[in-house]
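First comes the structure, then the notes that go with it.
A quick note: this is a predicted structure, and the numbers were derived from the prediction, not measured. One is the number of the first residue; the rest follow in order along the sequence.
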Amino acid sequence: GRAELVLKNGGVANAINDLQIFPNGRLTGDGQVNANLVRIFGSPTAHGTVDPGQPGQAGQLAVNGNYLQDPDTVLQIDIAGNSGAGDPNGNDRLAVTQNVSLHGEMDVSLLGGFVPKYGEQYSVLTYGSRAGTFDKNNGTSLSNLRALAPVYDFAGNAQFVAAPDS
């Protein structure tokens, strides 16, 4: 089976301790999760998924707490334009107030035929502190020998920058 937690229109989900998303499970929407830890589990045949925003529309999902993404899991990021993070005509963002521990995959989808221009930046993940990086980034190759290059800075921001393909 599959369980899904969908937050709409700024909805809030409160967990007594931890919120766990198991293989085939999904956390999605525009809203906030208050939990000590949000942990995403996966297996080689069944990924747990986090997808900020609504289907086919960019948005922001906030985690007031810590975030742990295990191997064989997916963070789905949509980019619809350059209107900024959380804007429906901008890009998805997962905003975590405390620590993130990253593994698994970040899958990027460009919506509505949008093509990023060289040098544009898309903030897709914010955090208090970070351990690790995503094991794999999918959907980052662009036309005209460009790519979305992942950049992790010391200010608690992970972004994609449209750059020449290496």
Rounded distance (nearest 0.5 Å) linking atom [atom1] of [X] with atom [atom2] of [Y]:
{"X": "Leu94", "Y": "Met106", "atom1": "CG", "atom2": "CE", "value": "8.5 Å"}
{"X": "Ile77", "Y": "Asp107", "atom1": "CD1", "atom2": "CG", "value": "9.5 Å"}
{"X": "Asp78", "Y": "Ser109", "atom1": "CG", "atom2": "OG", "value": "5.0 Å"}
{"X": "Glu4", "Y": "Asn24", "atom1": "CD", "atom2": "CG", "value": "11.5 Å"}
{"X": "Thr140", "Y": "Phe160", "atom1": "OG1", "atom2": "CZ", "value": "6.5 Å"}
{"X": "Asn91", "Y": "Ser123", "atom1": "CG", "atom2": "OG", "value": "7.0 Å"}

task: Give me the ring orientation class for Tyr122 and Phe114: parallel if the planes are under 30° apart, tilted from 30 to 60°, perpendicular past 60°.
output: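 Judged by the thresholds at 30° and 60°, the geometry between Tyr122 and Phe114 is perpendicular.
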Provide the closest heavy-atom pair for [X] versus [Y] in the form atom of the first, atom of the second, distance.
{"X": "Ala35", "Y": "Ala15", "result": "CB-CB, 3.8 Å"}
{"X": "Leu5", "Y": "Ala13", "result": "CD2-CB, 4.2 Å"}
{"X": "Pro116", "Y": "Leu142", "result": "CD-CD2, 4.0 Å"}
{"X": "Asp30", "Y": "Gly59", "result": "OD1-CA, 3.0 Å"}
{"X": "Tyr152", "Y": "Leu102", "result": "CE2-CD1, 4.0 Å"}
{"X": "Val161", "Y": "Gln121", "result": "CG2-CG, 3.8 Å"}

Val100 with Val74, same ILVMFWY side-chain cluster at under 4.5 Å: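 Shared cluster, no.
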message: Please say yes or no: joined through hydrophobic side-chain contacts below 4.5 Å, possibly via intermediate residues, are Leu125 and Leu110 part of one cluster?
response: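 Cluster IDs for Leu125 and Leu110 match.
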Mind checking whether [X] and [Y] have side chains closer than 4.5 Å, heavy atoms only?
{"X": "Val38", "Y": "Gln20", "answer": "no"}
{"X": "Gln76", "Y": "Val50", "answer": "no"}
{"X": "Val108", "Y": "Leu148", "answer": "yes"}
{"X": "Asn34", "Y": "Val12", "answer": "yes"}

- prompt: Quick one: do the Asn64 and Thr97 side chains pair a donor with an acceptor below 3.5 Å?
  reply: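 Yes.
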message: Hydrogens and angles aside, do Asn66 and Asn99 bring a side-chain donor and acceptor to less than 3.5 Å of each other?
response: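 Note: Asn66 and Asn99 side chains meet the donor-acceptor criterion.
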message: For a side-chain contact (heavy atoms from CB on, under 4.5 Å) check, start with the C-alpha distance between Tyr127 and Gln98, then their side-chain angles and the critical distance, and finish with the verdict.
response: CA-CA 6 Å; Tyr127 43 83; Gln98 295 181 30; over 6 Å; no
- prompt: Could you go step by step and tell me if Tyr67 and Gln69 meet the side-chain hydrogen bond (donor to acceptor under 3.5 Å, both in side chains) rule?
  reply: CA-CA 7 Å; Tyr67 177 82; Gln69 185 168 327; 2.7 Å; yes
- prompt: Do the side chain of Ser83 and the main chain of Asn89 share a donor and acceptor less than 3.5 angstrom apart?
  reply: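 A pair under 3.5 Å: yes.
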query: Is a side-chain donor or acceptor of Gln57 paired with a backbone partner of Gln54 at a separation under 3.5 angstrom?
result: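 No: the side chain of Gln57 does not pair with the backbone of Gln54.
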- request: Apply side-chain contact (heavy atoms from CB on, under 4.5 Å) to Ile21 and Arg26, showing your working.
  value: CA-CA 7 Å; Ile21 305 297; Arg26 187 174 191 85; 5.6 Å; no
field: From CA spacing to verdict: side-chain hydrogen bond (donor to acceptor under 3.5 Å, both in side chains), Ser43, Asp72
entry: CA-CA 5 Å; Ser43 73; Asp72 296 316; over 6 Å; no
- request: Go through the steps to decide whether Val124 and Asp92 satisfy the test side-chain contact (heavy atoms from CB on, under 4.5 Å), and finish with yes or no.
  value: CA-CA 6 Å; Val124 297; Asp92 283 344; over 6 Å; no
task: Would you indicate whether Asn14, at its atom CG, is surrounded by more than 12 heavy atoms from other residues, nucleotides or ligands within a distance under 6.0 Å?
output: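 More than 12 within 6.0 Å, yes.
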- prompt: Testing Asp70, Thr73, Asp18 for side-chain hydrogen bond (donor to acceptor under 3.5 Å, both in side chains) with Arg39, which one passes?
  reply: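 Running side-chain hydrogen bond (donor to acceptor under 3.5 Å, both in side chains) over Asp70, Thr73, Asp18 with Arg39 returns exactly one hit, Asp70.
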Qualifying residue, where the test is side chain to side chain contact (heavy atoms under 4.5 Å, CB included) with Pro52 and the options are Leu75, Leu27, Leu7: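 Going through Leu75, Leu27, Leu7 one by one, the side chain to side chain contact (heavy atoms under 4.5 Å, CB included) with Pro52 is satisfied by Leu75 alone.
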